[in-house]
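What you are looking at is a predicted structure, and each value in this text was computed from that prediction instead of being measured. In what follows, every chain begins at residue 1, and chains take the letters A, B, ... in the order their sequences are listed. Reckoned from all heavy atoms, side chains included, excluding hydrogens, waters and symmetry mates.
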Amino acid sequence: MADTNNERLSEQLPTRYGDIEVPPRPPENQPIYEPPVHEIPDISEYDLPYIQSQVQEELEARFGSEVKLQRPPDHIDSDYAVRLFKPLAEAGPEVVNQKINELTASLSDESVVKGLSLESPYLNIRLSPEVVGTSVIRTIEALGEKYGSFNAGDGATVIFDTSSPNIAKQMTVAHLRSTVIGEALGRLYQNCGYRVIRDNHLGDWGSQFGILGHAYELWGDQVPELRDGGDPIKGLLELYVRINSEIEDEEAVSETGSELRRKGLEWFGKLERGDPKARELWRWALDISMVEAGQIYKRLGSNFEYILGESEYVQMLPQIVEALKGVGLASKDDLDRVVVGFDENSNIKSLPIQKSDGTSLYATRDLATLAARSVWFKPEKVIYVVGGEQKHYFQQVFETFNRYSDAVGETPPETEHVYFGMVKLPEGKMSTRKGNVIFLEDVLDEAVARARKIVQEHAGESSVEFSEAEIDKIAEDVGVGAVVYSELRQGRTRGIEFKWDEVLSFKGNSGPYLQYTNARINAIFRKLEEGQEIDFDTPFKISDDLEAKLALKLGELPEAIQDAVTKNEPSLLSEYLYGLCSAFNSFYKNNPVLSAEDPQVRTSRLRLCLATTTVLRRGMYLLGIPIPEKM
RNA sequence: GCGCCCGUAGCUCAGCGGAUAGAGUACUUGGCUUCGAACCAAGUGGUCGGGGGUUCGAAUCCCUCCGGGCGUACCA
């Protein structure tokens, strides 16, 4: 008891990062998941990675370390291949053939390799689907939902800076990417033995809020939405659009700048200095924003271990400026701002951290956040899931923080900006200020409405029955799944032009395709009569190519996850799951499961179905796609 | 101007030094008296933005030009 109290006490004591005093850690939003690193295997223990390393070893022993196992293109009927260009040129075909014969003899002991064939300059390696398939199926059956987990992180803490909507504005489709990618990466890292902290770094501070505050004081009573019964967020948005448009007009005609903007910045100054009236309005806006955002996060299945907005770090801001000045990294410039300078030939421009009126900037808050996070969580890495347009900015911040850490003898966490391309509308860049936006809530509602229509059509014609309550739930899952998947389907880096038809696609390479595949498998097990349990002792049998392909595909999940994590690219997992479903559906079409006559074949097919749903569910969970039982 | 990103099938995208450049979508065709047709199968569709180079080999690397996006704020 005493120990716990002491621990709590010491946790509450302020600590320092260099010369920066860090306040006590605020409470968490939800508990941090501690991955069971000792219970999950190493990636090399999974079937296919293990086989690959064995084969690679044999190859290297004969052809040197330069040969590398690779996946052949689709039209080649082979599982792995190596290019033997060099050995063929240097040692000649006869020597190579001789070595391949040795290799065949050596590998046939393992029985996982069915055959080798030299199709110059490639050596194609075919696995035995029976042997490998059996092994993969058994691994999946043994591990269940742990299949695909492996320990790469060993419990190290990784912070994801994700979602980060601005308060007093509705979330738009632009926030979707950070939210969805951050969530998927968080789950993927947990799956790989990392202790994950997703921190929603709300944009709840800064000049733009001052401008809004000023607008509220000027015109707040003229906006119907701000009265009782209205939607206050819509009202605030209306004010924000109006004041920005008037500022633009003023700046177009005035050489001395906009009076409205000046007043807005003054308002922010009041807020930052703690003016009670300003704080009260700010607090109210924050609260109503969080209620609205919370609803969207709930629908998307987003998890945040912490929700620490920019405002959490306000008390640290003056120290940040002093600390950076203290070690000679920052100084006053001729405009009376405080800026961090960089080498002229470093391609990094100087970074202002304090305005001439003494108020803070985005960078000041981000530097404070980084210092606080380092003290509170001792992370190995901090990953910022933020749009690519801020690339240069994050270079400035990371470089500044690293230099400061170096100057005061602190070891900074590794920092990485995992950026994504901008979401644009067919009309061009989205802008809340110009009112040219698509709200996230509307996208979800529209997706769910379309899904409901399709579910209702199916309810009439399909053999599956849905109750009214089920239809509501299914429509929500399918609509949300379609939207989430559309964000995770393509590479992060590329910009996206928002098109309704693509986001709301329910066929082909889409979220509902994965959900539908899983629902089909569920139907099989629903029909499996009581007492007809799968006999796992019956030897597993592969009847045809479709089954062989499916079984091998099932074995690829761990590698797909590994790729997705090392490249911070969830789309690699989406691609894998699409391929898995495609393989399953081809199998399903041609090979009856329940009505298979041969009991061994029937059991083997049931096991393939079971393994597929295990893998599929795990993958969908990792991406954050809802998994309806029926649809 | 400078820096970063991107031009691949009508459209949306994979592939990023190696075998006949692949998917989805759209279009055309075939498949529900056998476990769910939100599915499956097949076909049409590409001098990988243009031009140089490096290489045995280039969509992939280098140079250059053209086209588009983003950044280069006392915004975030």
Side-chain angles (χ1 to χ4, degrees), chain A residues 70 72-76 78 81 83 85 89 119-122 124 164 166 203 205-209 211 244 261 265 310 333 335-339 347-349 351-363 365-366 386-393 395 419 421-422 424 428-429 433 451 454-455 457-458 461-464 478 482 486 489-491 493-497 499 501-502 505-517 519-528 571-572 575 578-579 581-582 584-596 605-606 609 630-631:
Chain A
Q70 55 179 237
D74 286 343
H75 59 91
I76 303 293
S78 160
R83 210 169 40 237
F85 192 86
E119 282 140 68
S120 197
Y122 294 94
N124 283 313
S164 311
N166 295 323
W205 210 250
S207 317
Q208 97 285 5
F209 195 82
I211 288 169
N244 275 289
R261 180 187 294 281
L265 294 179
E310 294 184 72
D333 72 354
L335 292 170
D336 214 28
R337 313 174 294 180
V338 179
V339 299
N347 262 338
I348 303 181
K349 303 221 169 198
L351 175 69
I353 55 168
Q354 188 179 68
K355 291 187 267 188
S356 53
D357 66 4
T359 57
S360 68
L361 286 147
Y362 185 37
R365 271 120 45 199
D366 257 332
V386 181
E389 67 274 10
Q390 296 194 35
K391 224 172 166 182
H392 176 240
Y393 167 74
Q395 275 176 24
Y419 65 93
M422 179 175 273
K424 285 186 304 175
K429 190 175 169 175
R433 291 205 312 272
I454 297 175
V455 177
E457 280 166 21
H458 280 70
E461 64 190 34
S462 114
S463 57
V464 190
V478 172
S486 78
R489 181 181 49 185
Q490 65 173 263
T493 326
R494 195 185 275 260
I496 290 185
E497 188 172 305
K499 289 184 180 158
D501 284 347
E502 275 154 34
S505 164
F506 290 179
K507 50 189 188 176
N509 189 355
S510 68
Y513 179 77
L514 307 188
Q515 294 171 324
Y516 181 69
T517 305
R520 279 177 141 181
I521 301 175
N522 289 338
I524 291 178
F525 287 105
R526 240 180 280 131
K527 291 204 166 120
L528 191 67
S571 69
L572 296 172
E575 199 190 349
Y578 175 71
C581 289
S582 183
F584 177 82
N585 284 318
S586 302
F587 151 78
Y588 176 88
K589 196 72 196 174
N590 290 282
N591 300 8
V593 178
L594 293 172
S595 57
R605 288 181 180 166
L606 276 167
C609 291
K630 301 190 242 177
M631 63 188 277

| Are the ring of A:F85 and the six-membered base ring of B:C56 within the stacking cut-offs of under 5.5 Å and under 30°? | yes
| message | Quick check on RNA chain B: between A:L265 and A:R489, whose nearest nucleotide comes earlier from the 5' end? | response | A:R489
| request: Starting from the 5' end of RNA chain B, give me the residue, A:Y578 or A:F506, whose nearest nucleotide shows up first. | output: A:Y578
| task | Could you list the residues that satisfy ring-ring contact (aromatic ring centres under 6.0 Å, His included) with A:Y419, not counting sequence neighbours? | result | A:H417
| With a 6.0 Å cut-off on ring centres, are A:F587 and A:F584 close enough? | yes
For [X] and [N], give me the distance from atom [atom1] to atom [atom2], rounded to whole Å.
{"X": "A:L361", "N": "B:A73", "atom1": "CG", "atom2": "C1'", "answer": "9 Å"}
{"X": "A:H75", "N": "B:A21", "atom1": "NE2", "atom2": "P", "answer": "8 Å"}
{"X": "A:I524", "N": "B:G36", "atom1": "CD1", "atom2": "P", "answer": "7 Å"}
{"X": "A:N509", "N": "B:G24", "atom1": "CG", "atom2": "C1'", "answer": "6 Å"}

OP1 or OP2 of [N] versus the side-chain N and O atoms of [X]: is any pair under 4.0 Å?
{"X": "A:Y516", "N": "B:A38", "answer": "yes"}
{"X": "A:Y513", "N": "B:A37", "answer": "no"}
{"X": "A:R337", "N": "B:C74", "answer": "yes"}
{"X": "A:S505", "N": "B:U25", "answer": "no"}
{"X": "A:S207", "N": "B:A76", "answer": "yes"}

| message | With a 3.5 Å cut-off and heavy atoms only, can you find an N or O donor on one side and an acceptor on the other between the side chain of A:S356 and the base of B:C74? | response | yes
| task | Kindly say whether, by distance alone, the side chain of A:N585 makes a donor-acceptor pair under 3.5 Å with the base of B:A38? | result | no
| request: Answer with base, sugar-phosphate or nothing: what part of the nucleic acid does A:K630 contact at a heavy-atom distance below 4.0 Å? | output: base
| query | Which part of the nucleic acid, if any, lies within reach of A:I496 when heavy atoms closer than 4.0 Å are counted: base, sugar-phosphate only, or nothing? | reply | nothing
Across all strands, who's sitting opposite [N] as a Watson-Crick or G-U wobble pair, both distances under 3.5 Å?
{"N": "B:A73", "result": "none"}
{"N": "B:A23", "result": "B:U12"}
{"N": "B:U33", "result": "none"}

| field | A:K507 side-chain proximity, nearest of B:A76, B:U25, B:U12 | value | B:U25
| query | How does protein contact run along nucleotides 27-34 of chain B, one letter per nucleotide 5' to 3', with B for base contact, S for sugar-phosphate only, - for none, heavy atoms under 4.0 Å? | reply | ----B---
| Contact state string [nucleotides 1-9 of chain B, B base, S sugar-phosphate only, - no protein heavy atom under 4.0 Å] | ---SSSSB-
